[in-house]
> 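Structure incoming, see below.
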Amino acid sequence: MAAARVRRVAGAIGLRLGGAVLVVWGAATLAFLAIYLTPGDPAYAVVGGTDANPSPAVLAQIRAEYGFDQPWYVQYGSYLWRLAHGDLGTSYRLREPVATAIGQQLGGTVQLALAAGLLAVVLAIVVALLTAHRRPWIRGVSSSADLVLASMPSFWLGILLLSAFSYGLHLLPAIGNRGWQSLVLPAVTLALPLAAVLTQVLRNALEEVLEEPFITSARARGLSDTAVRLRHAMRHALIPLATMTGYLLGGLLGGTVVTETLFSRQGLGRLLLTAVNGKDLPVVIAIVVLSAVVYMVVNLAIDLVYPLIDPRLRRLA
Amino acid sequence: MTDERVRNVTRLRSRHSWAMALAIPAILAMSACAGTASAGQAEKSGAIVRNGSLTLGTNGQEPPCIAPAENAGLNGPELSRPLTDSVVYENPKTHELEPWLATKWAVSADGLTYTFTLRKGVTFSDGTPWNAEAFKANLDYIVDPATKSPMSASYIAPYESSTVVDPYSLTVKLSTPYSAFLRVLAQGFFGMVSPKQIADAPADICAAPIGTGPFTLVKWTKGQSVEYVRNDAYNWGPPGTHTGAAYLKHYTVLFLGEDSTRYNALASGQVDVVDWVPAQNIHAARQDPSLSVLSLTTPGHPFSWWLNTARAPFNDLKVRQALLTGIDRAEIVNSVLFGEYKTATGYLTSSTLDYSKNTIAHSVKKANALLDEAGWGTRDSDGYRTKDGKRLTAQLPTSNAIAYRVQIAEQVQAQAKKLGIDIEISYPTSQELSQDALDGNYDISAGIWGTNTPDILWLRYSSKNITTADRIGLNVARLRDDTVDSLLQQARETTDAAQQAALYGKAQTRLIDLAPAIPFFDDQRVVAFDTAKVHGLSLETAYPAPYVFDAWTSEG
């Protein structure tokens, strides 16, 4: 019995790992093709595109050094080979190892994504618990606010926050990566639209649960409304919240570019943007692969959380 | 050089005013505070304060390398100048070349040999002495293909070799006479780096060049800032600057890519200086009593639309002339750039050496007559001119990352429609744009180029610089004109300044007759700073950039 269970778990993990390798390979291949197939001479892009006036000798040097004179399958093969060995290569544009380039920018993005993710989840739980199944006008106000925030361009939201809290009230810095103060406005800018989506999901789930017969019976036992919401309804509604959170957080790593640009923060989003524009293939592939890995890890973690939330899933597993 | 001035001019006004409307009460409160602060500091003693620190916010155009010769970026000289000095100095007022790391120089009668006498007592910040060996090492390193210089190497393409005559004297040989040689050396793209670094650690030069400059590099935090600290040994500032080391102890450049963020960072006191003041904020900055504004007209080629003379419809001179005269350029420039930029009068900006003032008259009537003469006399149901059943259409692939370019394109499109010319604007990715440029797949190509020599005309209009299979050239108009070729070649080769000016004068007039481009405006470099705190700041002109060696700050 125990042995069978271990085998089953090991099998599931093996399947996951195999899937992970496939996803990484797929992501790397798609990134390679996307960059390779966009028109534009990569040698020219490396030295600055239309900004530059490189001599023929310089272009020849770059083509030979980076292998641009090789056919596409040789270039593709050598990328995969190096990637399989954990070598992310050297950035064409920045002339430094890709790992170093990403390492410099990763901290800022991780900080921002975690802060925004945490804030979004907390906000969503608080707002949804307070507004689910309430009087129509409360619901109406809250769900309109969700709709506005979820559909508002984060660029604009950021400018509003900056105008009020930084340029106006001088409470928080508008720029940079230093200290918690400089994290507040970007994190809020990134978190509000996420929180809006999560609130909608959670509120709908809560409202469905609050219609269930067991809630009526809990109330009949004399439980207060707060206890009903926190102890009974919330537990049921957490599953869709967890799913949606995983989906949104997984995408955050590459989704911070607008916020990073507006607040002049270091980060992967901006690195990716300049790399795509500069046809900096090694950097693009590395960031895409990293995003894919993070996405898988976050969703794996969410999968592991499900049985903790819902004991029924434990029995099924 | 340089084309991409992403977002540094106009931002969409509608969004801006929205945000501002919401923030008005807060901003009123803020300006009240700023008012009292500047009043409190009104007593400017005039005594220079040393050891201060200065923070400057520039735009988001962060080059991949700081090394002078390894980048072609708009902000390259701004970042490399604190670390490096040039061999010659362009006087910002007279534009004459003056001694810097070279004390004097002589040019042979044939223009092929330059002999430099170098300044003594100068050292790089790694202790290596500046001398003829060091200069030679730099020239050889710049043109070495392994350096992958995106622009500097092309600027000194005629450089052949150099010979050390004695420790402080170098003879440089050119393969062809090149009158712009000395002048380009004054640009920040030609700051000298340590020969020891060139020999021992060339890979490190990109991110951390070691120079003889008034500052040394503390840290480049990519995507965010570059921090500098004073080089206490420095005692070789260019003519007209103070003696000894820089006044500032610390200097920091921040990359603030968003126009509104950058300007508001200054207005709210989060930085001391901002570079690339957006056109829509220039007026406000001049009016604000707590701010001061420095500006200069960038030498080089105005922002222009180059017309592809190698294919229809702009292979027809009359069609080019019709567009050039039929568009009200001044009206467009004034409305898009808030009246802050001067409308171009030709193919050199007014601050470029040997600029000659011409006039390009605006006449819709003349434009229509020219188009009729060119055989485009009939119009289709949409009002566009036709010839043999084909509509008069011109393709403009351009970048939509730069708001002013989009606005200019749309306004010209509207005016051209009245003339009966259909301008089709498209916004491909930057890579497709480069490829279109290489393939000649465009009728109109938009761009700008800053450099301190009239030789930009040779780069832009000599038939030698038309892109071919083995050479990328800047003559995107693909102009082939024997007169222009000969005038520009002679001007490039002559060593006589007066003759050179006459040749460039003739070339400029000839070019207007040929209408290979629609020049719109002379680019402005506008810097604003906190009047009470920042003193002694100036702009370098050889390649425009804030110059902080003489700057000091009155607090902290």
Side-chain angles (χ1 to χ4, degrees), chain A residues 35 38-42 44-62 65 91 93-96 101 104-105 108 155-156 158-160 162-170 173-177 260-267 270-271 274 276-280, chain B residues 1-4 15 18-20 22-23 25-27 29-30 33 57 60 64-65 71-74 145-146 148-151 153-155 157 203 206-207 221-225 254-258 260-261 264-265 267-268 270-271 429-435 437-438 447 459 470-472 474:
Chain A
I35 293 289
T38 8
D41 180 347
Y44 195 37
V46 166
V47 278
T50 49
D51 277 7
N53 183 24
S55 64
V58 167
L59 288 173
Q61 166 84 22
I62 290 168
E65 199 173 314
S91 161
R93 238 185 114 256
L94 302 170
R95 306 186 190 181
E96 64 183 356
Q104 287 167 347
Q105 307 295 327
F155 195 88
W156 192 52
I159 288 193
L160 289 184
L162 273 173
S163 300
F165 295 100
S166 185
Y167 310 144
L169 301 172
H170 288 249
I175 49 182
N177 286 55
E260 284 168 5
T261 307
L262 182 61
F263 292 93
S264 313
R265 287 179 61 85
Q266 272 195 299
R270 287 170 84 189
L271 182 65
T274 43
V276 169
N277 280 331
K279 286 206 119 177
D280 197 342
Chain B
M1 63 119 269
T2 222
D3 224 24
E4 294 301 300
R15 186 191 53 232
W18 256 102
M20 290 323 273
L22 278 151
I27 280 170
M30 173 196 86
C33 297
C65 292
N71 80 79
L74 201 57
K148 301 196 274 278
S149 168
M151 198 173 64
S154 295
Y155 273 167
C206 167
T221 311
K222 290 193 178 162
Q224 186 169 321
S225 62
L254 300 176
F255 300 105
L256 308 178
E258 258 316 302
S260 60
T261 309
N264 283 305
S268 60
Q270 301 181 47
V271 296
T429 65
S430 57
Q431 284 316 307
E432 285 174 85
L433 211 51
S434 315
Q435 195 61 41
L438 297 182
L459 289 169
D470 43 35
R471 158 132 184 91
I472 292 169
L474 294 180

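Below, read A as the first sequence line, B as the second, and so on, with proteins coming before strands; counting in each chain starts at 1.
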> Measure A/Leu162 against the heavy atoms of chain B and call it side chain, backbone, both or neither at under 4.5 Å.
side chain
> Below 4.5 Å from any heavy atom of chain A, which atoms of B/Leu438 appear? Answer side chain, backbone, both or neither.
side chain
> Indicate yes or no: at least one non-hydrogen side-chain atom of A/His170 is less than 4.5 angstrom from one of B/Ser268.
yes
> Quick one: closest heavy-atom pair of B/Ser149 and A/Val58, and the distance?
O-CG2, 3.6 Å
> In terms of heavy-atom proximity below 4.5 Å to chain B, should A/Arg270 be classed as side chain, backbone, both, or neither?
side chain
> Taking every non-hydrogen pair under 4.5 Å, which of A/Leu262, A/Thr274, A/Leu271, A/Val276 racks up the most with chain B?
A/Leu262
> So which part of A/Glu260 gets closer than 4.5 Å to some heavy atom of chain B, the side chain, the backbone, both or neither?
neither
> Is B/Thr221 close to chain A through its backbone or its side chain, or both, or neither, when contacts mean heavy atoms under 4.5 Å?
both
> Which atom pair, heavy atoms only, marks the closest approach of B/Gly223 to A/Gln105?
N-NE2, 4.3 Å
> Show the nearest heavy-atom pair for residues A/Ile175 and B/Ala265, with the distance to one decimal.
CD1-CB, 4.2 Å
> Would you confirm whether B/Gln270, through its side chain, and A/Ala174, through its main-chain N or O, come within 3.5 Å as a donor-acceptor pair?
yes
> Provide the closest heavy-atom pair for A/Arg95 versus B/Lys148 in the form atom of the first, atom of the second, distance.
NH2-O, 3.1 Å
> Give, as side chain, backbone, both or neither, the part of B/Ile472 having an atom under 4.5 angstrom from any heavy atom of chain A.
both
> Tell me, side chain or backbone of A/Leu59 under 4.5 Å from chain B's heavy atoms, or both, or neither?
side chain
